[in-house]
Amino acid sequence: MGCRFEIAIGGIPGPDVRAAGEEAIAEIETLHAQFTRFERGSLVSRLNEGGHERVDAETFALFELCDEVCVASDGAFDINARGSGRVVLDRSEYRVGVDGTPAVDLGAVAKGYALGRAVLVLREAGVKWAFLHGGGSSTATIGTRPDGYPWRVTIGVSTAAEPVTIELVDQSLSVSGDESQAGHIVDPREGGSACPAGLFAACVGPADPLGAAACDAWATALAVLRRRPTDMPDGLSCFLVEDGRWTISAATC
Amino acid sequence: MTDIDRRSFLAQSAGFAAGMALIPGLSAAMGRFSAPMKVGVVGCGRQGRAIVAELASFDNVTLAAICDIEPRRLNAGQRRAPDAKGYGSHREMLDAGGLDAVFVATPTHLHRAVVEDTLAAGVNVYCEAPLAHTPEDAKAIAAAARSSGKVVQAGFLARANPVYQLARTFFVSDAVRTLAAMEATRARKTSWRTPARDAETEKLLNWRLNPEVSTGLAGEWGSHQFDVFHWYTDSYPTRVTGFGSVRLHEDGRTVDDTISSTLQFPSGAALTYNATLGNSYEGMHEVFRGENAAIKLAWSHGWMFKEADAPTQGWEVYANRQQFHNDEGITLIAGATKLAEQGKLKEGVGLPHTPLWYGVESFLKAVSEGAPVACTADEAARSTIVGIRAHEAITAGRTVEIDPTELG
């Protein structure tokens, strides 16, 4: 996934802390091997070679989510944005493929999904509190901080708008776009860059795998759309900075 | 022949030379089976769940049942395979019937009971490797496999791996020639521990750290790599020495986290094996050093390093290469013929699937189509026993003789 993941955990006995962290990292590494575009053996590479691949139910659910966000965002989020045609899903066989020219890229959703899967692993290990992030742009939390207060993350610091501090408890947060990465988001509908300098989007939602993945996907979609679409699911809070001011914040959702 | 024709011919020849053993293994028919199969998985830890994920990729294969005695792990397995029926015991799963094959991914010391019960139920078995934690159990599993008339394959994955199959064609065709030395390493910084709620789950989940049942790094990791050398050289070590210690994970464990071992083969060549849980550099690989070339294998990748005085084959001029410090390796590419024809030889480095996928695929092909078993229980028992003897040598700090008659 091309970034560093970091995990702070606690609430379990000493030797288990490291073991739990290793299990979570191993889960992320497994998903990286599956989702990378750059290794020949990955699922995404096989899709991009034209394969219509059968996958397990957990992985299929991620592709279903991507499809839902693609439809609900009018194509502003599209994992095949750099290709042509559409991603086709056959639920009867848990099969995924592309009708058209495949160029599948899960980069806008994989980090959140991987963090959600890591959260599951940590919960099963008995972890009481955790803060995880991937590349600084995707975050997930378990419980509160050890002192009982919510995890606090300040967003918008790289924009001209007044930064906002978000409190997270068992929630995930994804951010998309800022002036340091201007142009890295593509508008699938028009092809060109969708993220001018100063534009910043964020999404807060559940910390389960599909919840965290939805935050990632919707943060990207918001950066492209620059509005909250009516079909965006309840349970996700969104934030948008444009032209140096907050045009969407949790209070307006 | 024009220059371009000649170049094209040689490039395709390079593909042929590198790919001839692999064309059947990488054909479009991979992952499809003529008859539908219903399968089950016993053990939903990390390896069992990895098998569940690979099984999902095959046409005509239904994962009908999964089993784990630990509810937390069973739940994790069912998340991945919600259509499979979950069981808390393998006997209950077998009693329900209807399975063509069972994958055994329990802790090593629990393999024997599950394999014997599964074979007694008339069901084909894929058993994770090593086969067992004692020579007696390994031999019992091999004996049960022989008398069952069912397909039994062990999870020593190199034998099903196209890169290793390809490299072996070079090895047996004398590309390496006189073998000077063999080396293998596995390095991964990890505690080898699983979080456990209580003493009962501690015993269940952290069996690798329980000296009563653990075969240590030599048994659990080393046996997979020893099997590569057994398969390539068609021989087994007769003597093993070694030592180990807890270098990093001082959490009360007595099972070494770092080992070093030497296994002496009848030819006179020795295999040096190092494994550690304290560092990850260079991961997992095996090296054959010979008079004409060295072959280095790293599970999804393989390379051949030629000696300066070794004869050069025509195709080598056009082969794909990678630089390693001062050495240049010819990459061993699976399916190179087809890739060369398409002008994609360089893109073919690595494997289209995980090594585990090839192990699972070869077993299902043996079950459904009678294809040869990639790693029989007899072969697996030998590598398992070598791993156990190496562990004994390391823990006792003395030389252990390996009786060839024990290996059958």
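Since this is a predicted model, take the numbers as computed values, not measurements. First the proteins, then the strands, lettered A, B, ... as listed; each starts at 1.
Ion pairing between a basic and an acidic side chain is recognised when a charged N comes within 4.0 Å of a carboxylate O; A:D216 and A:K111 show no such pairing. Taking 4.0 Å as the cut-off between side-chain N and carboxylate O, A:E64 and A:R91 count as a salt-bridged pair.
B:H249 places no side-chain N or O within 3.5 Å of a backbone atom of B:D257 that could act as its donor or acceptor partner.
Of the listed residues A:E53, A:R95, A:R46, the one with more heavy-atom pairs under 4.5 angstrom with chain B than any other is A:R46. With chain A as the partner, the residue from B:L63, B:D83, B:T354 showing the most heavy-atom pairs under 4.5 Å is B:D83. Annotation: maximal heavy-atom pairing with chain A below 4.5 Å, among B:R49, B:R197, B:K189, occurs at B:K189.
No side-chain donor-acceptor contact under 3.5 Å links B:T331 and B:Q322. Defined by atom type and a distance below 3.5 Å, a donor-acceptor pair is present between the side-chain atoms of B:T201 and B:D198.
The distance between the ring centers of B:Y358 and B:W299 does not fall below 6.0 angstrom.
Looking at B:T194, the atoms closer than 4.5 Å to chain A (heavy atoms on both sides) sit in the backbone and in the side chain alike. A:T30 touches chain B through its side chain: at least one heavy atom from C-beta onward sits under 4.5 Å away, while N, CA, C and O do not. Within the 4.5 angstrom heavy-atom criterion, atoms from both the backbone and the side chain of A:A26 approach chain B. With a threshold of 4.5 angstrom between heavy atoms, A:R123 does not approach chain B through any atom at all. Of the atoms belonging to A:L43, not a single heavy atom falls under 4.5 Å from chain B. Neither the backbone nor the side chain of A:E49 comes within contact range of chain B; no heavy atom of the residue lies under 4.5 Å from a heavy atom of that chain. Heavy atoms of A:E124 lying under 4.5 Å from chain B belong to its backbone as well as its side chain.
Proximity of B:I330 to B:R321: side-chain heavy atoms (C-beta onward) are separated by under 4.5 Å at one or more points.
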